[in-house]
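Heads up, the thing below is written out as structure tokens.
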Amino acid sequence: MIVRTLKECEASGRRVVSDNWESTRLSLADDGMGFSFHITTIYAGTETEICYANHFETVYCISGNGEVETIADGKKYKIEPGTAYILNKHDRHYLRGGTEDMVVTCAFNPPLNGRETHDKNGVYPLDGDALAS
């Protein structure tokens with residue numbers, strides 16, 4: 001069994017911060033679970049273009065508000081506590097922070113390795129702990 005607290009993970013190398021979001025990775029590939037699990041904060045008033053070409057993701061909103069827009073068809077979905085969205089087709093999308101920071105849980109398959117950030121195409125790489133640019 002593995003037991004970790006969010007506070008412990010935030011103080012370790014499991015916390016990644018970008019301009020639009022920060023993510024604390026509570027479980028990663030080296031835990032051997034087949035997925036990774038994160039607590040992520042999307043900063044209010046931000047917009048991030050994302051396309052997880054290498055991963056599937058499930059996102060569940062705990063607090064705050066925002067919006068996700070699928071780029072292919074322009075559909076917009078309000079995100080608020082209790083809302084989940086599931087990226088099961090490598091959907092290119094915009095993730096927007098709303099009027100307050102939005103805190104979400106995220107599960108990735110395959111799991112992230114730790115330090116990944118979105119590359120210029122909004123993709124997380126599959127190559128270990130590489131920091132994308």
Side-chain angles (χ1 to χ4, degrees):
M1 180 185 306
I2 301 167
V3 177
R4 296 184 177 111
T5 68
L6 181 61
K7 187 175 182 176
E8 290 169 341
C9 291
E10 287 173 341
S12 73
R14 290 176 173 268
R15 181 171 177 251
V16 177
V17 178
S18 83
D19 292 339
N20 293 351
W21 53 266
E22 65 180 69
S23 179
T24 302
R25 285 84 191 263
L26 280 81
S27 69
L28 293 166
D30 62 0
D31 292 318
M33 297 296 295
F35 64 91
S36 59
F37 181 76
H38 316 190
I39 304 294
T40 300
T41 300
I42 308 302
Y43 301 141
T46 62
E47 177 180 270
T48 306
E49 184 175 342
I50 304 170
C51 180
Y52 294 124
N54 301 314
H55 299 86
F56 295 108
E57 180 190 29
T58 297
V59 178
Y60 178 81
C61 182
I62 298 171
S63 65
N65 61 68
E67 175 182 84
V68 64
E69 177 182 351
T70 49
I71 293 173
D73 60 13
K75 288 185 180 177
K76 296 178 183 179
Y77 304 90
K78 181 179 176 179
I79 307 299
E80 59 189 9
T83 304
Y85 65 93
I86 301 162
L87 299 165
N88 62 334
K89 296 183 180 179
H90 307 290
D91 308 276
R92 181 170 294 281
H93 62 284
Y94 294 112
L95 180 57
R96 297 183 180 103
T99 58
E100 57 186 297
D101 288 352
M102 180 171 55
V103 179
V104 298
T105 63
C106 309
F108 282 88
N109 180 11
L112 297 190
N113 292 292
R115 304 295 305 161
E116 293 93 339
T117 60
H118 302 111
D119 69 13
K120 65 182 179 196
N121 296 310
V123 176
Y124 278 156
L126 281 175
D127 57 353
D129 287 344
L131 285 171
S133 55

### Summary
To the nearest 0.5 Å, atom CD1 of I42 lies from atom SG of C106 at 7.0 Å

### Query
Which value, rounded to the nearest 0.5 Å, describes the distance between T83 atom OG1 and Y60 atom OH?
8.0 Å

### Summary
Taken to the nearest 0.5 Å, the spacing of Y77 OH from Y85 OH works out to 12.5 Å

### Task
Using a strict 4.0 Å threshold on nitrogen-to-oxygen distance, state whether R15 and E10 make a salt bridge.
no

### Query
If you group Ile, Leu, Val, Met, Phe, Trp and Tyr by side-chain heavy-atom gaps below 4.5 Å, do V68 and I50 land in one group?
yes

### Message
Nearest 0.5 angstrom please: T48 OG1 to H93 NE2, how far?
### Response
8.5 Å

### Query
Is there a donor-acceptor pair under 3.5 Å between the side chain of D30 and the backbone N or O of N113?
no

### Trace of the side chain to side chain contact (heavy atoms under 4.5 Å, CB included) decision for H38 with V104
CA-CA 8 Å; H38 316 190; V104 298; over 6 Å; no

### Task
For the pair R14 (side chain) and R25 (backbone), establish whether a donor and an acceptor sit closer than 3.5 Å, ignoring hydrogens and angles.
yes

### Query
Hey, are E69 and K75 close enough for a salt bridge, meaning a charged N less than 4.0 Å from a carboxylate O?
no

### Summary
Looking only at heavy atoms, the pair that brings S12 and C9 closest together is OG-O, 2.9 Å

### Query
Do V17 and V103 belong to the same hydrophobic cluster, where Ile, Leu, Val, Met, Phe, Trp and Tyr are linked whenever their side-chain heavy atoms lie under 4.5 Å apart, directly or via other members?
no

## Note on the structure
Residues S27 and F35: closest non-hydrogen pair is OG-O, 4.0 Å

### Message
Using only atom types and a distance under 3.5 Å, with no angle test, would you say the side chain of D101 pairs donor to acceptor with the backbone of A44?
### Response
yes

### Task
Find out whether I39 and T105 are in side-chain contact, i.e. whether some heavy atom of one side chain is under 4.5 Å from a heavy atom of the other.
yes

### Query
What do you reckon, are the aromatic ring centroids of F108 and Y52 less than 6.0 Å apart?
yes

### Query
What are the two closest non-hydrogen atoms of P111 and L28, and how far apart are they?
CB-C, 4.2 Å

### Task
Using a 4.5 Å cut-off on heavy atoms from C-beta on, say whether the side chain of T46 contacts that of W21.
no

## Note on the structure
Heavy-atom nearest pair, M102 first then C61, reads CG-SG, 3.8 Å

### Query
What's the spacing between L95 CG and I79 CD1 if we round to 0.5 Å?
7.5 Å

#### Entry: Option among K78, R96, K76 that satisfies the side-chain hydrogen bond (donor to acceptor under 3.5 Å, both in side chains) test with E67
R96

### Query
Between atom SG of C51 and atom CD1 of I71, what is the distance when rounded to the nearest 0.5 Å?
8.0 Å

### Query
Is there a donor-acceptor pair under 3.5 Å between the side chain of N109 and the backbone N or O of F56?
no

### Message
Surrounding CG of D19 (heavy atoms of other residues, nucleotides or ligands, distance under 6.0 Å), is the total greater than 12?
### Response
no

### Message
Under a 4.0 Å threshold between the charged nitrogen and the carboxylate oxygen, would D31 count as salt-bridged to R4?
### Response
yes

### T70 side-chain N/O to D73 backbone N/O, donor-acceptor pair under 3.5 Å
no

### Query
For V16, does its backbone N or O pair with a side-chain atom of S23 as donor and acceptor, under 3.5 Å?
no

### Summary
Residues H90 and H55: closest non-hydrogen pair is ND1-O, 3.3 Å

